[in-house]
There are 2 protein chains.
Amino acid sequence: MSDSPAEPTLAEQIAAQLRRDILRGKLPPDTAIKERDNAAELGVSRTPMREAIRILAQEGLVVLRPSRSPIVARPTVKEVHDQVVVLLALEKLSAQIACERATEQDLARLAELNEKIAEAYDQVDALDLFEMDMAFHRLIAESAHNAALAETHHAYLARLWRARFLSATMRRNRERVVSHHGAIMEALRARDPVAVDAALDQHLSNLAEDISAAIEAENAAAVRAGG
Amino acid sequence: MSDSPAEPTLAEQIAAQLRRDILRGKLPPDTAIKERDNAAELGVSRTPMREAIRILAQEGLVVLRPSRSPIVARPTVKEVHDQVVVLLALEKLSAQIACERATEQDLARLAELNEKIAEAYDQVDALDLFEMDMAFHRLIAESAHNAALAETHHAYLARLWRARFLSATMRRNRERVVSHHGAIMEALRARDPVAVDAALDQHLSNLAEDISAAIEAENAAAVRAGG
DNA sequence: TTTCCTCATCTGGTATACCAAAAATTGTTG
DNA sequence: CAACAATTTTTGGTATACCAGATGAGGAAA
């Protein structure tokens with residue numbers, strides 16, 4: 001699942017481009033991704049475009065239908081909610097294991113990032129803050145030193161990027177995030193599984209609701225626009 | 001992730017073929033899968049072979065290396081163990097949710113399959129029994145009615161197919177599996193999350209050890225053979 | 001007017017050819 | 001004999017062309 005960081009292949013570049021467009025909303029749900037037209041538009045052949053579409057399909061961002069153009073996925077509230085449930089479970093498992101296995105370096109990195117977030121939370125724009133939040137959670141997953149777990153967790157984090165971003169824009173109390181992160185940090189540092197579990201529950205419990213509200217709002221808007 | 005059940009594409013057929021060969025051991029770990037030679041051998045072009053290899057890479061059965069032939073993966077004991085940990089967590093989460101959400105039909109199907117296994121456990125061959133066991137666990141995951149969870153669980157189940165098969169062949173006490181399944185069944189029917197958790201722990205706790213032993217044995221054999 | 005059949009068109013799937021980069025091998029030179 | 005450099009081979013990546021099936025529109029018949 002790890003790409004060669006050296007020189008991304010054309011298909012990966014295309015996938016990255018489309019991914020950005022989808023996540024930023026430039027390609028809204030239900031938009032058709034015709035591999036012919038789209039490839040011509042970008043001046044590439046169908047082959048890498050095809051592969052890029054497969055990558056995004058694998059990530060759940062587009063859906064493939066037999067004998068039909070692939071379209072940008074329009075996740076239902078239930079689907080997103082289900083994914084959040086899994087994400088939460090994976091992250092809690094990670095944290096549990098991390099209580100035993102996290103190295104001092106892991107904790108140091110986590111603390112450093114947490115510090116950075118605490119300093120910047122009211123100064124940087126939402127997107128940057130969001131990236132840092134994502135990195136924080138990824139670090140937790142990686143602190144369990146379980147490659148499969150980290151990979152799957154990361155996949156869900158990526159898949160929920162848009163939903164989480166939508167929810168982040170509507171949530172204005174950033175202070176809470178910072179305090180939650182602090183609680184998670186402390187629990188991890190104390191290597192207290194129970195406290196970590198509680199802290200994560202606290203931090204992510206509202207996420208599902210926020211995301212649900214955001215998705216519903218977007219879908220309602222789409223319906224109004226005649227989507 | 002769901003295929004069109006109608007008419008599998010060539011790439012999917014090739015992937016299925018290779019998957020079987022790998023899981024059955026016909027293509028042992030470290031075997032190179034040259035997309036050129038292999039395609040010519042099967043009488044197909046590189047395109048579907050390439051896609052098939054990607055599919056298997058996604059499943060973790062083969063590893064892609066830059067500027068090198070893809071090779072059949074040789075999972076380390078730690079990797080497999082890590083995956084088992086995740087599988088167990090996913091299955092326990094499924095069971096927890098299933099305690100609330102499982103329909104009577106779900107439980108009926110589960111009971112039916114359990115019955116079938118109990119009747120056949122000492123009569124059918126290991127492979128058939130294994131398939132039934134896999135179906136049993138998949139039913140548990142599906143009883144949570146969380147598509148994302150079921151999908152990820154199934155992916156891990158498939159990824160661990162070979163390891164689980166290896167462990168199954170070396171374990172001769174099939175009765176235990178049956179009794180464990182019965183315990184899981186009863187706990188689910190009672191919709192008792194604690195009991196389900198305990199039953200699953202009981203059932204899957206030895207799996208990691210068994211698998212580890214099997215993997216180590218295979219790797220040792222490979223070393224002896226000059227792999 | 002409605003329904004059904006036909007045909008043009010669009011879709012993804014596959015085959016083939018070409019290219020550039022990276023190994024591996026071989027030859028040369030110290 | 002060893003180390004280095006050039007060539008040859010193998011690899012994956014990309015472009016292009018062709019094919020079969022499905023879709024959907026449009027016309028003909030009831």
Side-chain angles (χ1 to χ4, degrees), chain A residues 1-19 21-22 27 29-74 226-227, chain B residues 1-19 21-22 27 29-74 226-227:
Chain A
M1 191 67 62
S2 53
D3 311 334
S4 50
E7 194 172 347
T9 185
L10 226 192
E12 287 167 352
Q13 294 180 40
I14 297 173
Q17 173 70 41
L18 289 177
R19 190 184 298 116
D21 290 347
I22 293 174
L27 293 177
D30 291 343
T31 304
I33 313 273
K34 314 191 191 194
E35 75 178 39
R36 264 184 174 80
D37 300 6
N38 232 303
E41 195 171 323
L42 284 173
V44 300
S45 85
R46 283 178 57 201
T47 314
M49 173 62 66
R50 176 186 179 75
E51 191 161 329
I53 291 176
R54 298 309 177 102
I55 293 175
L56 296 180
Q58 206 287 320
E59 295 176 1
L61 287 179
V62 308
V63 298
L64 272 45
R65 327 170 282 181
S67 305
R68 239 11 163 294
S69 293
I71 58 174
V72 177
R74 176 187 296 282
Chain B
M1 192 70 64
S2 54
D3 312 333
S4 51
E7 195 172 348
T9 185
L10 227 192
E12 287 166 351
Q13 294 179 39
I14 297 172
Q17 173 70 40
L18 289 177
R19 191 183 299 115
D21 290 347
I22 293 174
L27 294 177
D30 290 343
T31 304
I33 313 272
K34 315 192 190 192
E35 75 180 39
R36 265 183 174 79
D37 300 5
N38 232 303
E41 194 172 322
L42 283 174
V44 300
S45 83
R46 282 178 59 201
T47 314
M49 173 62 65
R50 177 184 179 77
E51 190 161 328
I53 291 177
R54 297 309 177 103
I55 292 175
L56 296 181
Q58 206 286 320
E59 295 176 2
L61 288 179
V62 308
V63 298
L64 272 45
R65 327 171 284 180
S67 305
R68 227 37 150 282
S69 292
I71 58 173
V72 177
R74 175 187 297 281

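Chain A is the first sequence line, chain B the second, and so forth, proteins listed ahead of strands; every chain is numbered from 1. Because the structure is predicted, anything quoted here is derived from the model rather than measured. Basis for what follows: all heavy atoms, side chains included, without hydrogens, waters or symmetry-related copies.
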>> Looking at every non-hydrogen atom in both residues, tell me the closest pair between B:Leu56 and B:Ala15 and how far apart they are.
In response: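 The pair with the smallest heavy-atom distance is CD2-O, 3.7 Å.
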Starting at [atom1] of [X] and ending at [atom2] of [N], how long is that distance when rounded to a whole Å?
X       : N      : atom1 : atom2 : result
A:Ile53 : C:dT11 : CD1   : C1'   : 11 Å
B:Leu64 : C:dA22 : CG    : C1'   : 16 Å
B:Asn38 : D:dG12 : CG    : P     : 11 Å
A:Glu35 : C:dG13 : CD    : C1'   : 9 Å
B:Arg65 : D:dT10 : CZ    : C1'   : 12 Å
B:Ile71 : D:dT11 : CD1   : P     : 13 Å
B:Gln13 : C:dG13 : CD    : P     : 13 Å

> Under 4.0 Å between a side-chain N/O of B:Arg36 and OP1 or OP2 of D:dG13, yes or no?
Replying inline: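 Looking at the OP1 and OP2 atoms of D:dG13, neither is under 4.0 Å from any side-chain N or O of B:Arg36.
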> For C:dT11, does OP1 or OP2 lie under 4.0 Å from any side-chain N or O of A:Lys34?
Replying inline: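 Indeed, a polar side-chain atom of A:Lys34 lies that close.
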> Hey, does B:Arg54 reach any base, or is it just sugar-phosphate, or nothing, if we go heavy atoms under 4.0 Å?
Replying inline: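 Counting heavy atoms under 4.0 Å across all strands, the contact made by B:Arg54 is with sugar-phosphate only.
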> Which pairs pass salt bridge (charged side-chain N to carboxylate O under 4.0 Å, His left out) with one or both residues in residues 59-69 of chain A, sequence neighbours excluded?
Replying inline: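 As it turns out, the salt bridge (charged side-chain N to carboxylate O under 4.0 Å, His left out) pairs with a partner in residues 59-69 of chain A, which skip direct neighbours, are A:Arg19-A:Glu59.
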Report all interatomic pairs (protein N or O, nucleotide N or O of nucleotides 14-17 of chain D) with separations under 3.5 Å.
from, atom 1, to, atom 2, distance (Å)
D:dT14, OP1, A:Thr9, OG1, 3.2
D:dT14, OP1, A:Leu10, N, 2.6
D:dT14, OP2, A:Thr9, OG1, 3.1
D:dA15, OP2, A:Ser45, N, 2.8
D:dA15, OP2, A:Ser45, OG, 2.9
D:dA15, N7, A:Thr47, OG1, 3.0

I'd like to check [X] versus [Y] (side-chain heavy atoms, cut-off strictly below 4.5 Å). Are they in contact?
X       : Y       : result
B:Arg54 : B:Arg50 : yes
B:Val62 : B:Ile22 : yes
B:Ile14 : B:Leu42 : yes
B:Thr47 : B:Glu35 : no

